[in-house]
Each structure stands twice: as structure tokens, then as C-alpha cells.
Amino acid sequence: MQVLIHSDQEKVAEHAYDFLRHIMKKRKRLVLGLASGSTPLRLFRKMVAGFTAGEVDFSSVYTFNLDEYVGLKPDDLQSYHCFMRASLFDHVNLNKDNVHFLSGIPEDIERHCEDYEQQIREVGGIDLQILGIGRNGHIGFNEPTSSLASRTRMVILTQGTIRDNERFFPNKEDVPGRALTMGVGTILEARELLLLATGSEKARALAAMIEGPVTAMCPASALQMHPSVTVLCDQAAAQKLTHTEYYEQVAGKENAATGNLPYEQRQT
Ligand code: GLP
């Protein structure tokens, strides 16, 4: 796992965009796993700006979003469908047929989740999965105690997650109590993982994920089992990490500060 600590969230987004742009250049066709939530928003803005400036082309990009609330229709304002359209999809040249989403209103939940996994397999698997992390260490909506081998399925959200996400809804009562999410096992099958974490409220979860034991109590800790993980975080989110000196040594001190580490020199 490579941990790169930046001064602030803007630098994290810049580095994430560079990372993505580099991979998009390398691959003719890219299958991209996407997370929603506030953390990747700055990255999405850079993707849109990069597209407008002619730096990146999404015509051969396939996307799979991690999760969706159960009970919300695609055009409900608080749905992740709607969020993704407003923040990214409507502003770049993605082919609509290449955009994949879990439905919040599936007729048959189990079947729908199996179909989603099948769709991922049919395009050859996810090349790069972008992730955020919940305050309780969740990835996607895999709450603590989720099996680290779990597949795409319906989950019950913790009260903590409902509280954390109520800022996106008119009232706390409007936050759905259930969601569909790719499983931890599904996420671990992506060829490369890029996790973004910003803000002091993520510090505890980030330290547990990187330096704690692999445990279902912190589903993100399963990333320790993946051979190709890059973590981009700001200093606020990194404040509970204890091996910072080593991460900076690996990254090259100057490069860690400026975010200019050449990809060829990246180590994991
Ligand atoms: C949300 C989403 C996750 C997201 C995480 C962090 O509940 N289900 O996909 O990565 O929790 O969200 P945020 O970036 O808003 O802090």
C-alpha cells in the first residue's frame, strides 16, 4: 500500500486527477469504479475541467458505481444516480450505455446484485476503483462486521452512517436505512484501488485501515490484502498515522510534499 500525504484536499484532488489521467492515457479502454460522497467531488470537478480542456476523453470509459440507497429512484435528488449525473456524468463524453449503476428500486434485489457482478465480469473486471472511506471504516456501504469476502448485496446502514449522510437530505428521517453496495470481495477484485480521505473526521478510520489489524470491524482494512493500493490523504486525515516518516521516505520527501511523484517510481 502506498500512502501519500498532501497538505490539503485540493492537492489530494490534483494528485488523484493526475493518477487517473495517467491511467486513461495508458489504456485505450478503462473500466472505472466510482464512489460518491463529498470526498471525490473535487476530483470530479477536475475530471470535468480536464475534459473541457481536451486533456481527457471518456468515450472508451466504462463506469460502475459502488452503491445506491434502497428506495430512491434514479431521478430522486438524493440518489447517488442523480449525484453522479450532476457532478460528473452530464458534463463529460461518457457513452450512456457504458455507465452502470445499482438500482435503488430493483424488482428482485438478489438477482439485480448478481446481474451487477455479471456486468462487471462481462467487461473484463474493474481496472481502477476509486474509493472514499466512512468514519466507521466502511467502503462503499460495507458497514463494520461486513464479511471481507462479501459480494454485491443489500445492507442495513448503521445509525452513525445515517447521521453522517443526513446532511444530503432535507430531514434525518428521509435517509434510507438500507443500501445496495458492491461487496468487499467485489472491490478487492479491481486491479487497482485508489482511496481518497480528507478531513480530521476520517483520521481514526484511516489509521485503522492502514495500520490496524485486518478486521471486519474496519472493512477498509481488507485493502491490506490487495497488491495495488494507493491512498491519497490530506494531513488532517493522516494525523493518527504513526508511520508517516516511512510513507514519506517511500514516496520521496519532496515529492510527497508536492504530489509530483513520477508514476514509474511508485512503490507499493
Ligand atoms: C458514503 C458512501 C461511500 C463514501 C463514504 C464517505 O456513505 N457510501 O461510498 O465513500 O460514505 O463519504 P464522504 O466522502 O461523503 O465522507
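Just follow the structure's listing: the first ligand is 1, and inside any ligand the first atom is 1. Heavy-atom basis, side chains included; hydrogens, waters and symmetry copies ignored.
Nearest non-hydrogen protein atom to atom 5 (C) of ligand 1 is His138 NE2, 3.6 Å. The single protein non-hydrogen atom nearest to atom 14 (O) of ligand 1 is Thr39 OG1, 2.5 Å, given as residue, atom name and distance. Looking at atom 8 (N) of ligand 1, its nearest protein heavy atom turns out to be Asp67 OD2, 2.9 Å. Protein heavy atom at the shortest distance from atom 4 (C) of ligand 1 is Ser36 O, 3.7 Å. Protein heavy atom at the shortest distance from atom 16 (O) of ligand 1 is Lys202 NZ, 2.6 Å.
A salt bridge is absent between Asp234 and Lys11: the closest approach of a Lys/Arg side-chain nitrogen to an acidic carboxylate oxygen does not fall below 4.0 angstrom. Salt bridge absent: Glu189 and Arg121 never bring a charged side-chain N and a carboxylate O closer than 4.0 Å.
Within ligand 1, counting atoms from 1 as listed, the ones closer than 4.0 Å to a heavy atom of Phe141 are 7 (O), 8 (N). Taking a cut-off of under 4.0 Å to the non-hydrogen atoms of Gly37, the atoms of ligand 1 that pass are 14 (O), 15 (O). Which parts of ligand 1 touch Gly132 is read off a 4.0 Å heavy-atom cut-off, strictly below it: atoms 10 (O).
Residue-to-ligand polar distances place Gly140 within reach of ligand 1: an N/O pair is separated by less than 3.5 Å. When only interatomic distances are considered, the shortest N/O to N/O separation between Thr161 and ligand 1 does not fall below 3.5 Å.
Look at Arg135 and you'll find every heavy atom at least 4.0 Å from all atoms of ligand 1. Ligand 1 is approached by Ile133 to a heavy-atom distance shorter than 4.0 Å. In this structure, Arg167 counts as a contact residue of ligand 1, since one of its heavy atoms falls inside 4.0 Å of the ligand.
Closest approach of Pro176 and Leu157 over heavy atoms only: O-CD1, 3.5 Å.
Residues Thr152 and Glu117 have side chains that bring a donor and an acceptor to within less than 3.5 angstrom of each other. A donor atom on one side chain and an acceptor atom on the other are not found under 3.5 Å apart for Glu122 and Tyr62. Side chains of Arg153 and Asn142: a donor on one and an acceptor on the other come within 3.5 Å.
One N or O on the side chain of Glu68 and one on the backbone of Tyr80 form a donor-acceptor pair closer than 3.5 Å.
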Derivation of the side-chain hydrogen bond (donor to acceptor under 3.5 Å, both in side chains) call for Ser7 and Gln235: CA-CA 5 Å; Ser7 52; Gln235 270 160 5; 5.9 Å; no
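Contacts between Tyr80 and ligand 1 below 4.0 angstrom, taking non-hydrogen atoms only, involve the side chain exclusively.
The aromatic rings of Phe101 and Phe89 sit perpendicular to each other, their planes meeting at more than 60°, with 30° as the lower class boundary.
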